[in-house]
Amino acid sequence: MARLLLVEDEPALIRSLTPALKAEDWTVTARETGGEAMTFISQEGCDVVLLDLGLPDMDGKEVIARVREWSEVPIIVLSARHQEAEKIAALDLGADDFVNKPFAVGELMARLRAVMRGRERRFQSQSRFSVGPLAIDFLTRIVSIEGQEIHLTRREYDLVRTLARHVGLIVTHRQLAASVWGAGAAVEQQAIRVLVAQTRQKLEADPARPRLILTEQGLGYRLREPSD
Amino acid sequence: MVTRTMTADSDPREDDIPVVPPPWTWPRLPERVRTAGPLVQIFSTVALVACALGLSAVLFALTGTTRLSMVFLGVVLLGALAFGTRAGLFGAVLAFLSYNFTLTEPRFSLEFAGTEDILTLTIFLAVALTTGGLAGRVRESQRAERERADQLAVLLEASRAQAATDDPGRILADLQARLIAVGNGSALVPLPGAPSSDVSSLQEDGDLWRAMTLAWGDAMTTRRQGAWRARRVGRGASAPIALWRPVSEEHAAEDRDRLSEVLIDLAAVSLDRAQLGLLRSRAEADRQAAALRDAVLASLSHDLRTPLASILASGTSLRDYEDRFDGDTRRGLVEDIVGEADRLNRYVGNLLSLTRIQAGALTPAVGAVSLLDVVDQAARRIGRPDLLAVTPETAAGPCVVDGDPLLLEQVLFNLFDNALTHGGPEVAVEVRAETRGDQVRLTISDNGPGVSNEDVGRIFDRFFQAADPVGRRRGAGIGLAVARGFVEAMGGRIAAGPRADGRRGLQVDLTFRAGGAAHG
């Protein structure tokens with residue numbers, strides 16, 4: 001059974017989430033403060049963390065930053081804060097995904113599955129990737145849609161590769177800029193938008209209604225999972 | 001003198017240009033005679049010398065002596081002290097002639113009898129002239145001193161008066177009053193229709209005259225008596241004014257002109273200060289509004305979404321996993337939904353109450369209410385009657401107050417809720433009622449963490465949340481604001497502070513007017 005740490009200071013939400021998580025075979029541990037959560041992660045360890053950003057003792061973002069110093073445990077942020085800046089900061093600090101309160105448990109379970117799959121993928125060294133009609137051979141750098149080889153520029157390929165590595169998860173503008181243009185490059189969001197639009201022209205059946213590369217408004221992009 | 005009234009709509013830019021409150025007084029010509037005019041001086045000096053003549057005639061008749069030059073010197077001194085140097089010199093010559101004419105041999109002629117007389121008279125003239133001149137100068141420097149002291153006093157008074165207000169209109173009104181009081185006929189009027197940047201273009205006398213004539217029409221018939229000058233008071237958007245300066249020969253007018261200028265500069269500084277103060281208070285208001293907006297958003301975001309998150313999570317869990325949950329789990333989830341929905345309902349209810357309080361739409365149905373009944377109701381509604389030790393001290397009579405039972409119950413509910421929220425499940429709440437004269441005081445004390453001294457004044461503010469010892473965010477900062485709004489709407493008072501008995505915790509005092517039975 002996979003172990004899940006729920007860091008949340010609202011007892012009612014802990015009570016509401018625990019039964020469904022248990023039904024999905026998670027062992028649930030709840031902690032109310034960031035300090036307790038970090039102690040638990042360092043001493044007991046867990047497979048995934050559900051983290052509320054508004055914690056009584058510290059900002060949830062600080063928990064992400066400190067945990068990321070030593071651990072790659074997947075972190076999904078739960079927050080009632082709807083400010084874009086908060087989400088971007090949390091993702092850039094190393095959170096894997098984001099669920100806005102209030103949410104349906106189904107949405108949370110889908111995010112958990114995506115995070116766990118991404119984790120598995122990172123530990124396997126598969127050279128081939130496919131989702132829906134899209135297939136990528138990382139060895140030969142060949143991208144195809146329904147078996148048809150598509151010619152992508154180098155940047156377009158880097159964009160698709162980055163999204164594929166985090167399939168189902170959100171990739172922020174900054175993360176995309178770093179992996180496509182190189183770390184430290186000053187890239188306008190407009191440039192990323194143009195690149196995404198070009199790539200969609202080549203990959204999407206209807207570029208105006210993308211089914212593969214989804215926009216997360218103000219945050220970044222997400223490669224859609226077949227199960228979503 | 002002509003009086004004109006300027007109505008507010010005659011100035012289309014009333015908002016940005018402070019207007020001297022009408023009606024203003026038409027410039028007065030120099031009306032205060034500070035020094036006697038030349039004719040008065042001549043007559044007075046002649047009269048003084050005549051007095052000396054009369055006195056010496058009497059003395060001569062009584063004693064037969066003609067050595068009365070001191071009498072004449074005395075009046076020369078008096079005249080000089082009273083009217084200054086010119087009067088002193090004039091008096092000296094006049095006294096010399098009168099003395100020579102009446103008291104020296106041959107009498108009643110200006111001729112001299114001998115060298116001794118010539119010497120005496122020459123010395124008399126020299127002494128009289130010197131004395132008159134010196135005394136006059138003393139008199140003049142005295143007057144100058146007094147004038148300078150007066151001017152200083154005027155400036156001091158103006159600076160004091162203008163420092164006391166931040167209202168540009170009042171500063172200009174004060175300036176106008178003072179300019180008139182200075183007395184050289186300067187008057188201040190708002191220059192109609194001219195933005196302050198155009199003042200320099202109005203420096204040409206003709207242009208300004210035309211502008212003033214256009215504005216004031218037939219009142220402009222006194223051109224021969226003086227001249228208008230356009231001036232700007234202060235920088236920026238402050239008022240352009242016109243100053244009236246009468247044609248005057250007087251030396252002192254120059255001094256008063258300078259004083260007027262200093263007064264205008266002083267007013268300019270005051271206007272600038274007022275404007276800065278206005279900007280600062282606007283910035284402060286903006287900052288407070290922004291802080292309140294942030295608090296409202298944070299509160300809405302957190303306090304509406306937190307119960308909703310639990311409701312939605314429980315509801316979707318039941319929908320998606322119902323068959324995999326046992327009965328206890330299902331019941332637990334349903335109870336969470338009910339509990340959180342209730343919490344949400346209370347929050348929304350308080351939010352609506354707050355809106356009604358702010359909009360002034362609250363109309364309490366005030367009548368005689370038994371406080372203890374309401375305390376009981378609220379305690380039962382919060383579901384923890386066991387925590388409330390009600391110790392009524394009602395020896396002085398039944399605790400009946402003027403109030404609205406529903407609002408009062410909500411006030412008590414919110415106070416209990418606040419105590420339970422911050423004090424934790426172990427908190428004990430104590431309610432005490434006391435009748436004092438025509439007032440009933442209800443004291444609600446808890447043994448929770450209490451409130452720090454700096455926060456105690458703000459706990460009834462909207463969206464205020466006291467820093468929790470563990471930094472935990474509890475409550476929405478609405479319940480106590482609603483409590484205060486309700487209490488005040490019912491004509492009561494609410495105050496919070498540390499417990500009167502010195503123990504840890506918060507004490508809230510509600511004071512109401514005794515109602516019903518207490519009135520008889």
Side-chain angles (χ1 to χ4, degrees), chain A residues 6-26 28 30-36 50-60 62-63 76-87 98-113, chain B residues 293-295 297-344 346-347 421-422 424-425 449 465-476:
Chain A
L6 176 55
V7 191
E8 168 64 64
D9 68 330
E10 276 295 325
L13 193 60
I14 297 174
R15 284 198 306 272
S16 305
L17 289 178
T18 308
L21 289 169
K22 279 184 174 159
E24 291 283 354
D25 282 339
W26 288 98
V28 180
R31 288 290 180 270
E32 286 193 23
T33 65
E36 289 165 9
L50 293 183
L51 177 70
D52 182 25
L53 279 189
L55 292 174
D57 60 336
M58 61 174 77
D59 194 312
E62 198 186 330
V63 177
I76 297 177
V77 164
L78 309 177
S79 181
R81 303 182 196 184
H82 277 226
Q83 289 108 329
E84 300 297 294
E86 288 276 307
K87 295 185 208 172
F98 206 99
V99 184
N100 285 327
K101 284 183 189 174
F103 52 83
V105 284
E107 189 188 346
L108 176 67
M109 296 307 171
R111 292 276 177 276
L112 277 172
R113 278 196 300 274
Chain B
R293 203 170 47 236
D294 287 351
L297 281 178
S299 170
L300 285 177
S301 171
H302 183 271
D303 299 289
L304 282 177
R305 285 202 174 108
T306 301
L308 271 180
S310 186
I311 291 168
L312 191 61
S314 299
T316 50
S317 293
L318 281 172
R319 183 191 65 194
D320 298 349
Y321 298 90
E322 194 186 4
D323 45 344
R324 288 150 82 178
F325 289 160
D326 58 29
D328 281 349
T329 306
R330 280 202 294 268
R331 261 193 302 285
L333 288 172
V334 168
E335 252 155 44
D336 274 339
I337 291 175
V338 173
E340 290 299 289
D342 189 42
R343 177 174 155 194
L344 197 57
R346 288 205 304 269
Y347 176 75
T421 305
H422 293 279
Q465 289 167 325
D468 201 87
V470 264
R472 211 167 285 251
R473 187 193 163 90
R474 288 281 179 252

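Protein chains get the first letters and strands the later ones, always in sequence-line order, with residue 1 at the start of each. No hydrogens, no waters, no symmetry mates; every other heavy atom, side chains included, goes into these values.
- Between Leu50(A) and Ile76(A) the shortest side-chain heavy-atom distance falls below 4.5 Å.
- Looking at Met58(A), neither its backbone nor its side chain comes within 4.5 Å of chain B, counting heavy atoms on both sides.
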- request: Kindly indicate, with the supporting measurements, whether the criterion side-chain contact (heavy atoms from CB on, under 4.5 Å) is fulfilled by Thr33(A) and Leu55(A).
  value: CA-CA 6 Å; Thr33(A) 65; Leu55(A) 292 174; 6.0 Å; no
- request: Could you give me the CA-CA distance, side-chain angles and deciding distance for Leu17(A) and Phe103(A), then say whether side-chain contact (heavy atoms from CB on, under 4.5 Å) is met?
  value: CA-CA 11 Å; Leu17(A) 289 178; Phe103(A) 52 83; 3.8 Å; yes
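- Looking only at heavy-atom pairs under 4.5 Å with chain A, the residue among Asp320(B), Thr316(B), Leu318(B), Leu308(B) that has the most is Thr316(B).
- Among the candidates Ser310(B), Ser317(B), Ser314(B), Gly315(B), the residue making the largest number of heavy-atom pairs closer than 4.5 Å to chain A is Ser310(B).
- Within residues 336-344 of chain B, the residues having any heavy atom closer than 4.5 Å to a heavy atom of chain A are Asp336(B), Glu340(B), Arg343(B), listed by residue number.
- The nearest pair of heavy atoms linking Arg305(B) to Pro102(A) is CD-CD, 3.9 Å.
- Nearest approach of Leu13(A) to Ala313(B), heavy atoms of both residues: CD1-CB, 4.2 Å.
- Between chain B and the options Ala104(A), Ala20(A), Ser16(A), heavy-atom pairs under 4.5 Å are most frequent for Ser16(A).
- Salt bridge present: Lys101(A) and Glu8(A) bring a charged side-chain N and a carboxylate O closer than 4.0 Å.
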message: Show, in sequence, the C-alpha distance, side-chain angles and deciding distance for Lys87(A) and Asn100(A), and conclude whether the side-chain contact (heavy atoms from CB on, under 4.5 Å) test is met.
response: CA-CA 10 Å; Lys87(A) 295 185 208 172; Asn100(A) 285 327; 3.6 Å; yes
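- Taking CD from Glu107(A) and CG from Leu112(A), the interatomic distance works out to 11.0 Å, rounded to the nearest 0.5 Å.
- Between the CZ atom of Phe98(A) and the CD atom of Glu86(A) there is a distance of 7.5 Å, given to the nearest 0.5 Å.
- Contact tally against chain B (heavy-atom pairs below 4.5 Å) for Lys22(A), Arg15(A), Met109(A): the top residue is Arg15(A).
- Looking at Glu24(A), the atoms closer than 4.5 Å to chain B (heavy atoms on both sides) sit in the backbone and in the side chain alike.
- Chain A is approached within less than 4.5 Å, heavy atom to heavy atom, by Phe325(B), Thr329(B), Leu333(B) from residues 325-333 of chain B, ordered by number.
- Looking at Leu108(A) and Leu78(A), their side chains come closer than 4.5 Å, going by heavy atoms from C-beta outward.
- In this structure a side-chain-to-backbone donor-acceptor pair under 3.5 Å is present from Asp57(A) to Gly34(A).
- Scanning all heavy atoms of the two residues, the minimum distance from Leu6(A) to Ile14(A) falls at CD2-CA, 4.0 Å.
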